[in-house]
Colleague: 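For reference, the structure I am asking about is given below.
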Number of protein chains: 2
Amino acid sequence: MFIAEASEKFDLSQDTLRYYERIGLIPRVNRTKSGIRDYTEEDCRWVEFIKCMRGVGLPVEVLIEYVGLFQQGDETKGARKDLLVEQRKELRSRMEDMKNVLERLDDKITRYEMTIAEREKTLHR
Amino acid sequence: MFIAEASEKFDLSQDTLRYYERIGLIPRVNRTKSGIRDYTEEDCRWVEFIKCMRGVGLPVEVLIEYVGLFQQGDETKGARKDLLVEQRKELRSRMEDMKNVLERLDDKITRYEMTIAEREKTLHR
DNA sequence: GTACTTCTTGGAGTTAACTCCAAGTCAAGC
DNA sequence: GCTTGACTTGGAGTTAACTCCAAGAAGTAC
């Protein structure tokens, strides 16, 4: 799969795909003999994984480290696990914050709805 | 309350507080006769609200609009509600994404734990 | 009444994460 | 064998959201 197709498939610009590879956010992608990127199944799995993680805000820096550890082989499995555990903690904490804000928004919206309804009533009285 | 105290209280730098005010993310804060910011209760409520919303990623631009609408008076209550409803939708959608990623991380971590435990066993056999 | 500290403003600088661009290469169509 | 179009690279530019800075004023300690 060439870069145009991958770009479509993952809804990431070609520039973003190249950028991710450049900075080590995904491992180096396969090339044809003439140097053109030709994404393998595994390349695609990396892109999908990174897009997914970036989508919920895991920092590029952290993901670069993960990919780096991965490329160093089995010895780094412990470190990789620790990294994921830490990110999971962060994610949970952010979700907790969001849950609270969501409640607050629900509340605020309900109050707006009530005052607006109240005003309507008064107007038509 | 002067800016140093507000900065402490909300854990936002003085620069951030001034910046928020400058761009209209919070309404103009009260001044002493000599021009020094003196946060009232209401100013504080705004700061707290904005910090809270920014903390879960609501865009500055959107919050500026909300504050702007607020300052235009009761006529804008409908618009303010709509804005909050839209942001709630966004928030819910992001939380949904995060829930999925959380499951994925749980899975990945479990798998790491299993392979690491497996290797330990082999080593000590 | 002068030194010190804390504030003021407008504007410049920084950071993360892309996004765009110029110059060049290569395969395909005619 | 020349044009076209999709690709390559390294590097510059952009955006959102701060963060820092210089110059100056104002209250406080002595």
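Numbered from 1 within each chain, the chains take letters A, B, ... in sequence-line order. What's counted below: heavy atoms across the whole structure, side chains too, no hydrogens, waters or symmetry copies.
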Colleague: Here's a test for you: under side chain to side chain contact (heavy atoms under 4.5 Å, CB included), which of B/I50, B/I23, B/L69 qualifies with B/I64?
Modeller: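 Exactly one option meets the side chain to side chain contact (heavy atoms under 4.5 Å, CB included) with B/I64, and it is B/I23.
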
Colleague: Quick one: is the NZ or CZ of A/K77 closer than 6.0 Å to the six-membered ring centre of A/F70, and within 45° of its axis?
Modeller: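 Judged by the rule (NZ or CZ under 6.0 Å from the ring centre, within 45° of its axis), A/K77 is not positioned above A/F70.
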
Colleague: Return the nearest nucleotide to the side chain of A/F2; candidates are C/dT9, D/dC7, C/dC7.
Modeller: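 Closest nucleotide to the A/F2 side chain: D/dC7.
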
Colleague: Treating primed atoms plus P, OP1 and OP2 as sugar-phosphate and everything else as base, which nucleotides of nucleotides 22-30 of chain C get B, S or - for protein heavy atoms under 4.0 Å?
Modeller: ----SS---

Colleague: Which heavy atom of A/Q71 sits nearest to which heavy atom of A/R28, and what is that distance?
Modeller: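 That would be NE2-N, 4.4 Å.
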
Colleague: Shorter than 3.5 Å, N or O on both sides, protein versus nucleotides 17-19 of chain D: list them out with atom names.
Modeller:
{"from": "D/dC18", "atom 1": "OP2", "to": "B/Y20", "atom 2": "OH", "distance (Å)": "3.1"}
{"from": "D/dC18", "atom 1": "OP2", "to": "B/R54", "atom 2": "NE", "distance (Å)": "2.8"}
{"from": "D/dC18", "atom 1": "OP2", "to": "B/R54", "atom 2": "NH2", "distance (Å)": "3.1"}

Colleague: Rounded to whole Å, how long is the line connecting atom CD1 of A/I3 with atom P of D/dC7?
Modeller: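 Computing the A/I3:CD1 to D/dC7:P distance gives 7 Å.
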
Colleague: Quickly work out the B/M1 CE to C/dC7 C1' distance and round it to whole Å.
Modeller: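 So the two atoms are 17 Å apart, to the nearest Å.
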
Colleague: For the pair made of CZ in B/R31 and C1' in D/dG27, what is the distance, rounded to whole Å?
Modeller: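 Checked: the CZ to C1' distance equals 17 Å.
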
Colleague: Scan residues 36-51 of chain A for pairs that pass side-chain hydrogen bond (donor to acceptor under 3.5 Å, both in side chains), counting only residues two or more places apart or in two chains.
Modeller: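 For residues 36-51 of chain A, and leaving out neighbouring residues, the side-chain hydrogen bond (donor to acceptor under 3.5 Å, both in side chains) pairs sorted by first residue read A/E21-A/R37, A/T40-A/D43, A/E48-B/R104.
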
Colleague: To the nearest Å, give me how far apart CD (A/E5) and P (D/dG5) are.
Modeller: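 Answer to the nearest Å: 21 Å.
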
Colleague: Using a 3.5 Å distance criterion without hydrogens, assess whether the side chain of A/T110 forms a donor-acceptor pair with backbone atoms of A/D106.
Modeller: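 At least one qualifying donor-acceptor pair exists.
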
Colleague: Can you tell me the distance, in whole Å, between the CD atom of A/Q14 and the P atom of C/dC20?
Modeller: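 Interatomic distance, CD of A/Q14 to P of C/dC20: 12 Å.
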
Colleague: For residues 85-100 of chain B, which residues have at least one heavy atom under 4.0 Å from DNA chain C?
Modeller: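 Contacting residues: none.
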
Colleague: A/V29 and A/I26: which non-hydrogen atoms are nearest, and at how many Å?
Modeller: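 For A/V29 versus A/I26, the nearest heavy atoms are CG2-CD1, 4.1 Å.
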
Colleague: For B/E21 and C/dC7, give me the distance from atom CD to atom C1', rounded to whole Å.
Modeller: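 That distance rounds to 13 Å.
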
Colleague: What is the separation between atom CD1 on A/I23 and atom C1' on C/dT15, rounded to the nearest whole Å?
Modeller: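 For the pair A/I23 CD1 and C/dT15 C1', the rounded distance is 14 Å.
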
Colleague: Could you state the CG-P distance from B/D38 to D/dG27, rounded to the nearest angstrom?
Modeller: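 Value for this atom pair: 13 Å.
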
Colleague: Just jot down the side-chain contact (heavy atoms from CB on, under 4.5 Å) partners of B/R94, sequence neighbours excluded, or say none.
Modeller: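 If we apply the side-chain contact (heavy atoms from CB on, under 4.5 Å) test to B/R94, skipping adjacent residues, the hits are A/M98, B/L58, B/L91.
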
Colleague: Identify the heavy atoms of B/P59 and B/Q87 that sit nearest to each other, and give their distance.
Modeller: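 Minimum heavy-atom contact is CD-OE1, 3.8 Å.
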
Colleague: Where is the tightest heavy-atom contact between A/K9 and A/C44, given as atom of each residue plus distance?
Modeller: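 Minimum heavy-atom separation between A/K9 and A/C44: NZ-SG, 4.4 Å.
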
Colleague: Can you name the side-chain contact (heavy atoms from CB on, under 4.5 Å) partners of A/Q72, sequence neighbours left out?
Modeller: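 Result, side-chain contact (heavy atoms from CB on, under 4.5 Å) vs A/Q72: A/T76.
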
Colleague: Looking at B/R18, does any N or O in its side chain come under 4.0 Å of the phosphate oxygens OP1/OP2 on C/dT8?
Modeller: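 It does, given that an N or O in the side chain of B/R18 lies less than 4.0 Å from OP1 or OP2 of C/dT8.
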
Colleague: Where do A/R80 and A/Y66 land on the side-chain hydrogen bond (donor to acceptor under 3.5 Å, both in side chains) test, with the steps shown first?
Modeller: CA-CA 6 Å; A/R80 274 183 264 159; A/Y66 183 77; 5.1 Å; no

